[in-house]
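Notes follow the structure.
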Amino acid sequence: MASDPDPPKPKTPRHKCPACYKQFNRKLHLIEHMKISYHSVHQPRCWVCQKHCKSFESVREHINSPLSKTNCLKIFVEQGCNLCLKVLDSPSALKEHKQMCCLVAPVPLGTKITPCIESNFTMSGSIMDEMHNGKAQKAVAMDCEMVGGGSDGSIDLCARVCLVDEAENIILHTYVQPQIPVTNYRYEVTGLTEDHLRDAIPLNEVQDKIKKILYNGESVGRMPPDGVKARLLVGHDIQHDLNCLRMKYPGFLLRYNIQSGVHDPYEDCISVMRLYKRMRGQDHRQVFRLGDEKANSGFDSFRSMELEKKAPDELYEISTSDYKCWCLDLTKDCNPGS
């Protein structure tokens with residue numbers, strides 16, 4: 001007589017990440033995933049399924065993925081904006097949104113041989129004052145144009161720099177005299193010639209002007225470590241521009257990696273400022289909890305046993321971000337990244 005088949009074994013519950021929806025067999029694996037993923041409300045996400053992604057390009061890949069188990073693509077094709085990836089409630093709302101979402105290209109300033117344009121630009125108040133008043137802190141956009149130095153012209157030398165404020169007013173626009181001879185003006189890209197740099201401002205003077213703008217007129221030596229009186233700086237690969245200017249600026253005050261195909265400092269400044277303000281205007285929930293220092297300081301403040309007892313949503317609540325958030329919140333849930 002044949003024996004009865006063994007009853008099916010109950011399925012082991014899977015531990016699902018509430019942000020990216022990855023599933024793990026063990027709770028410990030989920031915790032380790034949350035530690036290295038830095039999920040938070042500041043990350044880009046799919047407007048349909050709310051899946052968190054590392055970048056907006058990752059959101060696009062998710063939407064168009066043939067392996068997606070959701071109807072994200074179908075809904076996005078009908079109701080989604082292909083510029084900001086937002087999903088609207090109706091075709092009419094989408095049409096109205098697209099008219100506002102498409103940013104107008106800036107009017108070229110040109111390459112007139114004017115050594116320096118400098119405004120009497122002053123910004124009163126500090127970042128913390130503006131935060132307490134419910135206002136976003138002021139930002140400055142900067143972009144540089146590089147010529148080539150060295151025997152083969154491969155050394156990037158700053159030859160032109162432009163800074164604009166949030167109202168798109170020029171704060172500083174000047175040609176810069178490189179500290180070593182120029183061997184390649186890269187005219188096809190820069191539009192610059194020897195005549196543009198004939199009466200250019202020396203690099204050390206340009207550095208002083210930029211520091212005065214960024215540090216709000218304060219002496220760098222007297223600036224507090226938290227930089228509360230300094231201004232946020234946005235740009236196209238801004239760290240490279242700072243390196244070519246031979247300048248340093250606090251990493252938590254940088255907002256960068258916005259790039260267009262235009263090689264004109266003024267146009268790039270205007271473009272990056274418009275994109276920056278667009279990104280800053282995105283809505284998301286603020287998670288900083290006053291008085292709860294342990295919850296705000298991330299996973300390191302909890303023991304392993306404490307973490308294993310927490311539900312996935314609770315793990316998400318204590319996860320801190322390494323993403324440079326456009327909301328410009330300087331509280332601890334928006335940590336300075338690399």
Side-chain angles (χ1 to χ4, degrees), residues 55-57 83-84 101-119 121 123 136-149 155-178 182 184-193 196-197 200-201 203 206-207 209-211 213-214 230-249 251 253-281 324 326 328:
S55 66
F56 286 96
E57 188 59 35
L83 296 175
C84 68
C101 193
C102 185
L103 297 175
V104 179
V107 177
L109 185 65
T111 56
K112 295 181 180 179
I113 307 176
T114 303
C116 181
I117 300 174
E118 187 174 5
S119 70
F121 181 78
M123 291 183 286
Q137 49 270 50
K138 300 296 183 181
V140 170
M142 183 178 78
D143 192 77
C144 298
E145 197 63 57
M146 311 299 176
V147 293
I155 300 176
D156 286 340
L157 305 172
C158 179
R160 186 182 178 194
V161 63
C162 184
L163 285 82
V164 302
D165 63 16
E166 291 193 23
E168 302 182 5
N169 299 311
I170 295 176
I171 308 171
L172 175 68
H173 179 233
T174 184
Y175 295 105
V176 183
Q177 185 63 58
V182 178
N184 184 356
Y185 285 90
R186 304 174 183 175
Y187 178 78
E188 295 80 5
V189 175
T190 66
L192 299 180
T193 66
H196 290 97
L197 304 186
I201 308 298
L203 178 61
V206 173
Q207 292 171 339
K209 292 178 184 294
I210 294 175
K211 288 177 183 177
I213 294 167
L214 296 182
R231 297 296 159 176
L232 291 154
L233 183 61
V234 299
H236 305 265
D237 194 5
I238 194 67
Q239 190 60 61
H240 178 256
D241 286 354
L242 288 170
N243 291 340
C244 292
L245 286 165
R246 300 187 180 184
M247 294 178 61
K248 294 182 179 180
Y249 202 59
L253 291 172
L254 300 181
R255 300 294 186 272
Y256 57 95
N257 285 341
I258 306 174
Q259 183 61 57
S260 72
V262 181
H263 292 274
D264 178 276
Y266 172 73
E267 293 180 51
D268 282 358
C269 278
I270 299 299
S271 298
V272 76
M273 184 57 78
R274 291 177 182 177
L275 288 170
Y276 156 76
K277 289 191 290 186
R278 171 66 56 79
M279 301 300 293
R280 187 182 67 186
K324 291 182 182 294
W326 301 103
L328 307 181

Can you see which heavy atom on L245 is nearest to which on C158, and at what distance?
CD2-SG, 3.6 Å
For the pair V164 and I270, evaluate side-chain contact (heavy atoms from CB on, under 4.5 Å) and give the outcome as yes or no after the intermediate values.
CA-CA 7 Å; V164 302; I270 299 299; 4.1 Å; yes
Working to the nearest 0.5 angstrom, can you tell me the gap between M273 CE and D268 CG?
13.0 Å
Go through M142 and L172 one step at a time and tell me if the side-chain contact (heavy atoms from CB on, under 4.5 Å) criterion holds.
CA-CA 9 Å; M142 183 178 78; L172 175 68; over 6 Å; no
When rounded to the nearest 0.5 Å, the distance separating CD of E166 from NZ of K138 is 5.5 Å
Exercise: identify the closest heavy-atom pair between L233 and L214
CD1-CD2, 3.9 Å
Sorted by chain and residue number, the ring-ring contact (aromatic ring centres under 6.0 Å, His included) partners of Y249 (sequence neighbours excluded) come out as Y215
Please identify each residue that fulfils side chain to side chain contact (heavy atoms under 4.5 Å, CB included) with Q177, with sequence neighbours left out.
L197, A200
Spacing of CG belonging to L203 relative to CZ belonging to R246, to within rounding of 0.5 Å
6.5 Å
When every non-hydrogen atom of C162 is compared with those of H173, the smallest separation belongs to CB-CD2, 3.7 Å
On a heavy-atom basis, the closest approach of D143 and D241 is CA-OD2, 3.7 Å
Go through the steps to decide whether R186 and E145 satisfy the test salt bridge (charged side-chain N to carboxylate O under 4.0 Å, His left out), and finish with yes or no.
CA-CA 10 Å; R186 304 174 183 175; E145 197 63 57; over 6 Å; no
Excluding sequence neighbours, so at least two apart, what forms side chain to side chain donor-acceptor pair (under 3.5 Å) with N184?
none
Closest non-hydrogen atoms of V161 and C144, given as atom of the first, atom of the second and distance, are CG2-SG, 3.7 Å
How many angstroms lie between atom CG of L253 and atom CG of L232, to the nearest 0.5 angstrom?
5.5 Å
In chain order, what residues pass the side chain to side chain contact (heavy atoms under 4.5 Å, CB included) check against E57, with sequence neighbours excluded?
S55, R60, E61
Which pair of non-hydrogen atoms, one from Y187 and one from L192, has the smallest distance, and what is that distance?
CD1-O, 3.3 Å
Donor-acceptor side-chain pairing of H240 and D156 below 3.5 angstrom:
yes
Separation between OH of Y266 and CZ of R160, rounded to the nearest 0.5 Å
11.0 Å
